[in-house]
Number of protein chains: 2
Amino acid sequence: MTTDASPHSPPPDTDPDADLRPLEIAGHRIDILDGAFSWFIRSLDSVVSRDLDARMGHLEVAKGKGKITALLLIDDYPGIRPSEIAEVLMRDRPTTGRIIDRMVQAGLVSRGVSAHDQRAQSLTITPAGHDLAEKVREIIRQQEAEFFDFIAPEDRAQFMRILRRTYMRMRSKWT
Amino acid sequence: MTTDASPHSPPPDTDPDADLRPLEIAGHRIDILDGAFSWFIRSLDSVVSRDLDARMGHLEVAKGKGKITALLLIDDYPGIRPSEIAEVLMRDRPTTGRIIDRMVQAGLVSRGVSAHDQRAQSLTITPAGHDLAEKVREIIRQQEAEFFDFIAPEDRAQFMRILRRTYMRMRSKWT
DNA sequence: TATTGTTATACTCTATAACTATA
DNA sequence: TATAGTTATAGAGTATAACAATA
């Protein structure tokens with residue numbers, strides 16, 4: 001474990017018992033919440049999303065969930081359908097449709113009709129959309145490197161493994 | 001696609017390499033997103049929050065983040081101040097104030113003036129608020145037991161440890 | 001009859017800046 | 001001057017049900 005002196009060195013994490021102590025904030029123990037997976041996941045989400053919004057600045061896809069994923073999917077899979085995007089997002093179709101509406105209006109994506117099914121749409125990226133996708137990918141890489149730098153190197157692989165597992169299992173609950 | 005003959009059978013959980021394979025959804029690999037902590041945390045949040053909302057039904061504190069935490073804090077710490085709640089929530093004071101407004105209007109919480117500082121408020125729970133807090137605690141316990149049942153027993157302690165660490169480190173970023 | 005996607009409605013949360021009252 | 005909290009405003013996401021068109 002390196003002790004690379006960071007400019008803003010965080011509180012001493014040298015205490016091996018730190019992981020076992022009850023959480024204390026503003027002088028109050030957060031007893032009930034401590035121990036609840038849901039509370040941590042929801043709290044983490046707020047902070048990560050706020051940081052991401054700040055990094056996205058005023059790009060078309062800032063704010064909310066789903067826009068980034070939808071953009072990158074369309075960029076990677078020309079002809080993908082809204083319902084497929086909805087499946088990845090675990091959102092309903094009205095919500096997904098509105099996300100796509102925006103991107104079409106912003107000139108990032110264009111809608112076509114699927115060759116195989118007249119009901120379905122075929123989504124493709126525009127040049128402007130592709131440029132944005134590249135920018136977004138770079139921002140995500142930066143956030144991973146800069147924002148999550150506090151995750152101990154020895155924890156990274158394990159954290160990612162558990163997150164992936166959790167995500168895949170959650171999908172089955174979603175139906 | 002009509003060539004959708006590919007078997008949909010997801011990887012059996014028995015496969016030890018499942019953790020290493022790229023994620024595939026709706027027949028598409030989610031390459032760039034796979035590997036990003038932010039994406040998993042944000043996706044997990046959506047599902048957990050939706051499940052929680054469903055369990056909360058039409059209780060006063062359903063939907064959104066912060067209401068549950070605020071209610072439980074006030075129930076546990078009579079006289080707590082809005083700014084302390086804001087610190088736990090990692091939210092600004094306008095947002096926190098509005099959460100409290102609601103609870104006051106719903107008769108769950110009452111506002112007083114701090115004995116030590118005329119500027120500050122002293123929040124206390126009402127009988128109705130206390131009853132609700134008890135219900136909420138039970139719902140959270142149920143969700144932890146039922147919804148997160150898919151987290152492998154051997155992963156639980158480690159996942160919680162990493163989540164707690166991550167949460168505490170994130171606080172320093174919040175400022 | 002089931003599926004793909006849209007429309008309409010009503011309810012939320014969020015961010016920012018400007019304001020007051022007290023310390 | 002700094003802190004505690006409020007008000008005002010503008011912008012966005014969310015859930016639900018009902019709808020049209022195609023399979």
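Reckoned from all heavy atoms, side chains included, excluding hydrogens, waters and symmetry mates. In what follows, every chain begins at residue 1, and chains take the letters A, B, ... in the order their sequences are listed.
Atoms CD1 (A:Ile99) and C1' (C:dT7) sit 17 Å apart, rounded to a whole Å. Atom-to-atom, CG of B:Leu89 to P of C:dT14 comes out at 10 Å; the value is rounded to the nearest Å. If you measure from atom CG of B:Asp101 to atom C1' of D:dG5, you get 10 Å, rounded to the nearest angstrom. Counting to the nearest Å, the P atom of D:dA12 and the NZ atom of B:Lys65 are 19 Å from each other. Atoms CD (A:Glu60) and P (D:dG11) sit 14 Å apart, rounded to a whole Å. As a whole-Å value, the separation of B:Glu87 CD from D:dT3 C1' is 14 Å. Note: CZ (A:Arg93) to P (D:dA21) measures 17 Å, nearest angstrom. With rounding to whole Å, A:Glu84 atom CD is found 16 Å from C:dT3 atom P.
Applying the salt bridge (Lys or Arg N to Asp or Glu O under 4.0 Å) rule to pairs touching residues 127-136 of chain B yields B:Glu134-B:Arg137, sequence neighbours excluded.
Between A:Arg111 and C:dT4 there is no side-chain N or O to OP1 or OP2 distance below 4.0 Å. Phosphate proximity of D:dG13 to A:Lys67: present, with a side-chain N or O under 4.0 Å from OP1 or OP2. Contact annotation: B:Ser83 side-chain N/O to D:dT3 OP1/OP2 distance is not under 4.0 Å.
Partners of A:Ser49 by side chain to side chain donor-acceptor pair (under 3.5 Å), not counting sequence neighbours, listed by chain and number: A:Asp45, B:Arg42. The side chain to side chain donor-acceptor pair (under 3.5 Å) check on A:Thr124 picks up A:Ser110, with sequence neighbours excluded. B:Phe159 meets the ring-ring contact (aromatic ring centres under 6.0 Å, His included) test with A:Phe37; sequence neighbours excluded. Residues satisfying the side chain to side chain donor-acceptor pair (under 3.5 Å) criterion with B:Asp155, sequence neighbours excluded, are A:Arg161, A:Arg165. Legend: residues meeting side chain to side chain contact (heavy atoms under 4.5 Å, CB included) with B:Lys67, ordered by chain and number and at least two apart, are B:Val61, B:Ile99, B:Arg102. Scored by the side chain to side chain donor-acceptor pair (under 3.5 Å) test, B:Arg119 finds B:Asp117 as partners (sequence neighbours excluded).
Contact check on A:Asp101 versus A:Arg111 returns a salt bridge, with a Lys/Arg side-chain nitrogen under 4.0 Å from an Asp/Glu carboxylate oxygen.
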For nucleotides 21-23 of chain C, tabulate all protein N/O to nucleotide N/O atom pairs closer than 3.5 Å, reporting atom names and distance.
{"unit_1": "C:dT22", "atom_1": "O2", "unit_2": "B:Arg119", "atom_2": "NH1", "d": "3.4"}
{"unit_1": "C:dA23", "atom_1": "OP1", "unit_2": "B:Gln118", "atom_2": "N", "d": "2.9"}

Write down the protein N/O and nucleotide N/O pairs, taken from nucleotides 15-18 of chain D, whose separation is under 3.5 Å; answer none if there are no such pairs.
{"unit_1": "D:dA15", "atom_1": "N6", "unit_2": "A:Arg98", "atom_2": "NH1", "d": "3.4"}

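A heavy-atom distance below 4.5 Å is not found between the side chains of A:Leu44 and B:Leu44.
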